[in-house]
Chemist: 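The structure under discussion is supplied below as structure tokens; questions concerning it will follow.
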Amino acid sequence: MFPKEFLWGGAVAANQCEGAWNEAGKKESICDHLTAGSINKNRKFTSKILSEVNYPSHEAVEFYHHYKEDIALFAEMGFKVFRLSIAWSRIFPNGDDFLPNEEGLQFYDDVFDECKKYGIEPLVTLSHFEIPYNLVKEYQGFTNRKVVIFFERYAKTVFERYKDKVKYWLTFNEINFGTMPMGNLEVLGILHQEDEEIANPLDNIQVRFQALHNVFLASARAVKVAHEINPDFKVGCMIAHITMYPLTCRPEDLLLQQELDNIINNFCADVQVRGVYPYYIEDYFKKNNIDITFEEDDERILKEGCVDFYSFSYYMSNCITTEEGHETTLGNLLGGVKNPYLQASEWGWQIDPKGLRYTLNKIYDRYKIPLFIVENGLGAVDEIDDNGCINDDYRISYLKSHIVEMNKAIENNVDLFGYTMWSAIDLVSSGTGEMKKRYGFIYIDKDDNGNGTLKRTKKKSFNWYKKVIGTNGNELE
Ligand code: P53
């Protein structure tokens with residue numbers, strides 16, 4: 001049984017849905033320099049915005065101009081919570097500005113007021129892969145400690161402005177991508193060359209982990225300021241939990257799985273939940289010649305900025321092995337090999353609802369703080385039939401099977417207090433930049449070439465989710 005106050009809802013990120021990339025004083029974030037790709041073609045970062053190139057974030061699905069219509073649809077589904085991110089570059093267009101951009105602040109006031117009208121609680125991510133480009137260009141992102149101060153200024157500005165409108169906050173989306181080369185640009189704001197493929201960037205592991213240290217500081221300072229501004233604020237970490245299994249029962253596979261699980265899944269949350277670096281990271285740093293500079297106050301800052309809850313995204317699981325020659329999972333930015341017992345999505349993400357229960361048990365066992373699933377969903381191609389309907393039974397079946405496992409975890413006394421499915425509306429895929437990798441309950445007429453009317457249509461999953469929320473998860477058929 002789901003608790004009475006369980007927060008059901010859906011999630012989006014500013015750069016993937018808002019569009020209006022250069023309106024109302026906003027300047028470019030890194031996403032505005034990312035080209036469209038596909039499962040076989042990596043997205044590229046171009047330092048100049050080129051006129052002949054399609055940058056999907058520029059228009060996206062125009063949530064910026066359609067937010068009233070979209071939020072009304074969320075309300076119709078019965079959303080209790082709506083997860084969105086603030087585009088940092090709407091508030092501080094260059095990142096290092098002294099004063100915020102009033103028009104940017106006003107936009108989110110309007111969005112939160114619209115949510116309030118329907119009794120929908122906003123859950124707000126401060127940094128969802130959206131660092132202002134100027135901070136990357138002029139400061140090399142979070143490699144520079146000044147950016148910690150700029151982030152704190154941004155966090156403080158929005159906490160003060162929205163202190164009576166927003167209660168739930170997340171600092172950095174999928175912060176643990178910073179433990180892998182693919183996190184260089186999106187999490188840390190590091191770019192070692194002007195034009196590159198973001199999934200496969202140049203990498204300097206020492207620079208990357210020092211920047212990640214600075215992101216921990218930025219997050220911790222934001223948590224502290226949040227609690228000073230409003231003691232009722234609840235601030236969470238956000239981890240992309242890539243659940244891993246040893247492929248075989250060889251002890252070597254188990255040990256490798258444990259090591260990777262620690263570095264990729266546990267390290268960041270250990271720092272953000274407990275406020276100290278965990279013991280096992282020393283060995284990893286030694287092996288990789290990483291030497292983190294801790295300034296005088298850093299230990300204290302981390303300790304004072306522990307998060308209130310743990311949030312995570314969960315889409316899939318992977319297998320880990322020391323054996324060579326196994327087929328890796330398709331379209332997978334994260335390594336790992338195929339699991340013979342699981343089916344994968346069209347984009348090669350292995351679907352594993354029971355893995356979600358395992359993950360909930362694992363995380364709760366480790367931290368004993370409230371958990372929130374802030375992303376879970378199926379990217380798929382949706383077709384409109386002759387009657388204008390989108391029968392996305394595959395999405396319903398994906399979500400249903402995951403909700404069943406959430407319920408079992410709750411019955412096992414795991415303190416899970418919310419679920420925002422990815423994504424509330426169709427939007428631009430972060431990994432591939434495609435529109436056709438759709439996640440929403442609401443179809444948006446827009447294709448990969450940027451054509452379409454942007455008309456919103458409810459999918460079959462829309463009415464299904466409405467019933468799920470209406471029965472507090474009791475009726476899943
Ligand atoms: P897309 C990879 C693996 C797990 C989560 O992803 C990921 C990624 C990055 O692609 O990111 C999150 O759109 C992210 C969202 C993103 C969503 O997963 O690539 O927080 O912004 O859209 C789904 O299919």
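As the structure is a prediction and not an experimental result, all values here were calculated from the model. Read the numbers this way: they start at 1 and go in the same order the structure lists the ligands and their atoms.
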Chemist: Could you tell me if any non-hydrogen atom of Tyr439 lies under 4.0 Å from any atom of ligand 1?
Modeler: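 For ligand 1, residue contact (heavy atoms, under 4.0 Å) with Tyr439 is present.
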
Chemist: Is the shortest distance from a Lys or Arg side-chain nitrogen in Asp426 or Lys446 to a carboxylate oxygen in the other one below 4.0 Å?
Modeler: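 No salt bridge links Asp426 with Lys446.
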
Chemist: Give a yes-or-no answer on whether the side chains of Ser57 and Asn15 include a donor-acceptor pair shorter than 3.5 Å.
Modeler: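 Their side chains do not contain a donor-acceptor pair, so the 3.5 Å distance test is not met.
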
Chemist: Hey, does the Lys NZ or Arg CZ of Arg161 hover above the aromatic six-ring of Tyr108, less than 6.0 Å from the centre and inside 45° of the axis?
Modeler: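 No, Arg161 does not lie over the aromatic ring of Tyr108.
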
Chemist: Is a salt bridge present between Glu434 and Lys437, judged by a nitrogen-to-oxygen distance below 4.0 Å?
Modeler: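 No.
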
Chemist: Between Gln210 and His213, do the side chains contain a donor N or O and an acceptor N or O under 3.5 Å apart?
Modeler: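 Absent: no donor and acceptor within the cut-off.
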
Chemist: Within the 4.0 Å heavy-atom shell around Ser429, which atoms of ligand 1 are there?
Modeler: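 Contacts of ligand 1 toward Ser429, numbered from 1: 1 (P), 13 (O), 19 (O), 24 (O).
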
Chemist: Is there a ring-ring contact (aromatic ring centres under 6.0 Å, His included) between Phe417 and Phe6? Walk through the geometry before answering.
Modeler: CA-CA 5 Å; Phe417 74 107; Phe6 192 77; 8.2 Å; no

Chemist: Looking at Trp464, is Lys458 sitting on its ring face, NZ or CZ under 6.0 Å from the six-membered ring centre and within 45 degrees of the normal?
Modeler: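 Ring-cation test returns no.
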
Chemist: Looking at Tyr443, I'd like to know if the NZ or CZ of Arg438 sits under 6.0 Å from its six-membered ring centre while staying within 45 degrees of the ring's axis.
Modeler: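 Relative to the ring axis of Tyr443, which defines the angle, Arg438 lies inside both limits.
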
Chemist: Does the residue Met238 have a heavy-atom contact with ligand 1, meaning some pair of atoms that are separated by less than 4.0 Å?
Modeler: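 For ligand 1, residue contact (heavy atoms, under 4.0 Å) with Met238 is absent.
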
Chemist: Relative to ligand 1, is Ser430 under 4.0 angstrom through side chain, backbone, both or neither, heavy atoms considered?
Modeler: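 For Ser430, the contact with ligand 1 is made by both the backbone and the side chain.
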
Chemist: Which one of Phe129, Trp422, Phe177, Trp347 has a non-hydrogen atom at the shortest distance from atom 8 (C) of ligand 1?
Modeler: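 Selected option, by shortest heavy-atom distance: Phe177.
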
Chemist: Nearest heavy-atom pair of Val271 and Pro278: which atoms, and what distance?
Modeler: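 Residues Val271 and Pro278, closest heavy atoms: CG2-CD, 4.0 Å.
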
Chemist: Any atom of ligand 1 sitting under 4.0 Å from a heavy atom of His128?
Modeler: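 Yes, that is the case, since the closest heavy atom of the residue is under 4.0 Å from the ligand.
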
Chemist: Please identify which atoms of ligand 1 are closer than 4.0 Å to at least one heavy atom of Lys437.
Modeler: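 The list of qualifying atoms is 1 (P), 19 (O), 24 (O).
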
Chemist: For atom 20 (O) of ligand 1, which of Glu375, Glu130, Met182 has the closest heavy atom?
Modeler: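 Among Glu375, Glu130, Met182, the closest heavy atom to atom 20 (O) of ligand 1 belongs to Glu375.
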
Chemist: For Ala13, which part has a heavy atom under 4.0 Å from ligand 1: side chain, backbone, both, or neither?
Modeler: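 Answer for Ala13: neither.
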
Chemist: Using a 4.0 Å heavy-atom cut-off, say whether Trp349 meets ligand 1 through its side chain, its backbone, both or neither.
Modeler: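 Near ligand 1, Trp349 shows its side chain, while the N, CA, C and O stay back.
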
Chemist: For ligand 1, which part of Asn173 has a heavy atom less than 4.0 Å away: the side chain, the backbone, both, or neither?
Modeler: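 For Asn173, only side-chain atoms sit under 4.0 Å from ligand 1.
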
Chemist: When you measure from atom 11 (O) of ligand 1 to each heavy atom in His241, Glu174, Glu186, which option holds the nearest one?
Modeler: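 Answer by nearest heavy atom: Glu174.
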
Chemist: For Gly431, take its heavy atoms, then give the atoms of ligand 1 lying under 4.0 Å from any of them.
Modeler: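 Reading through ligand 1 atom by atom, the close ones are 1 (P), 10 (O), 13 (O), 19 (O).
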
